[in-house]
Colleague: 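Let me begin by handing over the structure; questions about it come next.
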Amino acid sequence: MNCAEVLRLIHELLDGDLPPAAERRLSAHLEECTGACRYHYLTIRATVRLHHANQPYVLRPTLLETILHAIEKEP
Amino acid sequence: MEASDRVLIERTLAGNKDAFGELVARHGAGVYTLCRRLLGDETEADDAVQDTFLQAYRKLDTFRGDSAFSTWLHRIAANECLMRLRRRRPLLSTETPAEEEKAPPRDIPDWANAPVDELLTKELREELERAVESLPEHYRTVFVLRDLENESTEEVARQLGISIPAVKTRLHRARTMLRDRLREYMDNGGGR
């Protein structure tokens, strides 16, 4: 497996969509490669992880009150 | 001890509206975050959250418990938001093919391997939200549903009425755009 093939399959690897044998070959390549594919794999993986961990909003008390008031009016 | 969602649902169905209020307080932030990200607008997100909880209250007896209550709730919220987006204008269907990465190799930046908790400052959290908000709508919807809400590719395709390959293409493009923006932010000292 070469870098060009790995680059085409980076997202499938991140999503766990590859057959086990292909996943093993890709992971083995990424372990040893110092080329662009390793860079892209690690930076995209980190990007997704950071976004996934980010939970920036809370429910404002005024909105909670509005919702509860609307529920109160329900039959 | 805090009552479980299941207990609060049973109490609500028995006529206790305060129990539903507890469910709103418990799951409100997650639903609001989803609506805000999909709609990109604070006022419309407020309306969508309210409609989501009203719908959930009205059809609570149809919740079977096959999935978590939060999953059921988020599905209602996503449908509500997608309907609102369609009402604004048809969801764009133009695809930009996912570009194969051709950039030359670079040094692996520290942030690519650092623990997430160490990186997530208030400033970075805000930058990440701005980045999601800046994505074109047809990329943003797929990224939010697939990567942030953990829906399956098949479910996202069904909700948006597009093919599975189209979901993948949009998702890969969204991730790459977000990575490029994050790289620029970090390269300019945003991570320090």
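Labels below follow one simple rule: chain letters A, B, ... track the order of the sequence lines, proteins then strands, and each chain is numbered from 1. Treat the numbers as computed from the prediction; the structure is a model and nothing was measured.
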Colleague: Non-hydrogen atoms of chain B under 4.5 Å away: do they reach the side chain of A/L42, the backbone, both or neither?
Modeller: both
Colleague: Heavy-atom cut-off 4.5 Å, strictly under: side chain, backbone, both or neither for B/F20 against chain A?
Modeller: side chain
Colleague: Answer with side chain, backbone, both or neither: which region of B/D51 has an atom nearer than 4.5 Å to a non-hydrogen atom of chain A?
Modeller: neither
Colleague: Do you see a donor-acceptor pair shorter than 3.5 Å between the side chains of A/H51 and B/R175?
Modeller: no
Colleague: If you measure from CG on B/L148 to CG on A/N54, what distance do you get to the nearest 0.5 Å?
Modeller: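 Rounded to the nearest 0.5 Å, the CG-CG separation comes out at 9.0 Å.
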Colleague: Let me know if B/R36 has heavy atoms under 4.5 Å from chain A in its side chain, its backbone, both or neither.
Modeller: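 For B/R36, the contact with chain A is made by the side chain alone.
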Colleague: Run the salt-bridge test on A/R49 and B/D147 with the 4.0 Å N-O cut-off and return the result as yes or no.
Modeller: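 Result for this pair is no, no salt bridge flagged.
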Colleague: So what's closer than 4.5 Å to chain A heavy atoms on B/R58: side chain, backbone, both or neither?
Modeller: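 Contact with chain A involves the side chain of B/R58 alone.
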Colleague: Between B/K168 and A/D15, does any NZ, NE, NH1 or NH2 come within less than 4.0 Å of an OD or OE carboxylate oxygen?
Modeller: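 Answer for the salt bridge query: no.
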Colleague: Counting only non-hydrogen atoms closer than 4.5 Å, does B/L128 touch chain A with its backbone (N, CA, C, O), its side chain (CB onward), both, or neither?
Modeller: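 Backbone plus side chain of B/L128, per the 4.5 Å heavy-atom cut-off to chain A.
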Colleague: Heavy-atom cut-off 4.5 Å, strictly under: side chain, backbone, both or neither for B/D117 against chain A?
Modeller: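 For B/D117, no heavy atom lies under 4.5 Å from chain A.
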Colleague: Quick check on B/E42 against chain A: is it the side chain, the backbone, both or neither that has a heavy atom closer than 4.5 Å?
Modeller: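 For B/E42, the contact with chain A is made by the side chain alone.
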Colleague: Is it the backbone or the side chain of A/P61 that comes under 4.5 Å from a heavy atom of chain B, or both, or neither?
Modeller: neither
Colleague: If we ignore angles and hydrogens, is there a donor and acceptor under 3.5 Å between the side chains of A/Q55 and B/T33?
Modeller: yes
Colleague: Does CD belonging to B/E10 count more than 12 external heavy atoms closer than 6.0 Å?
Modeller: yes
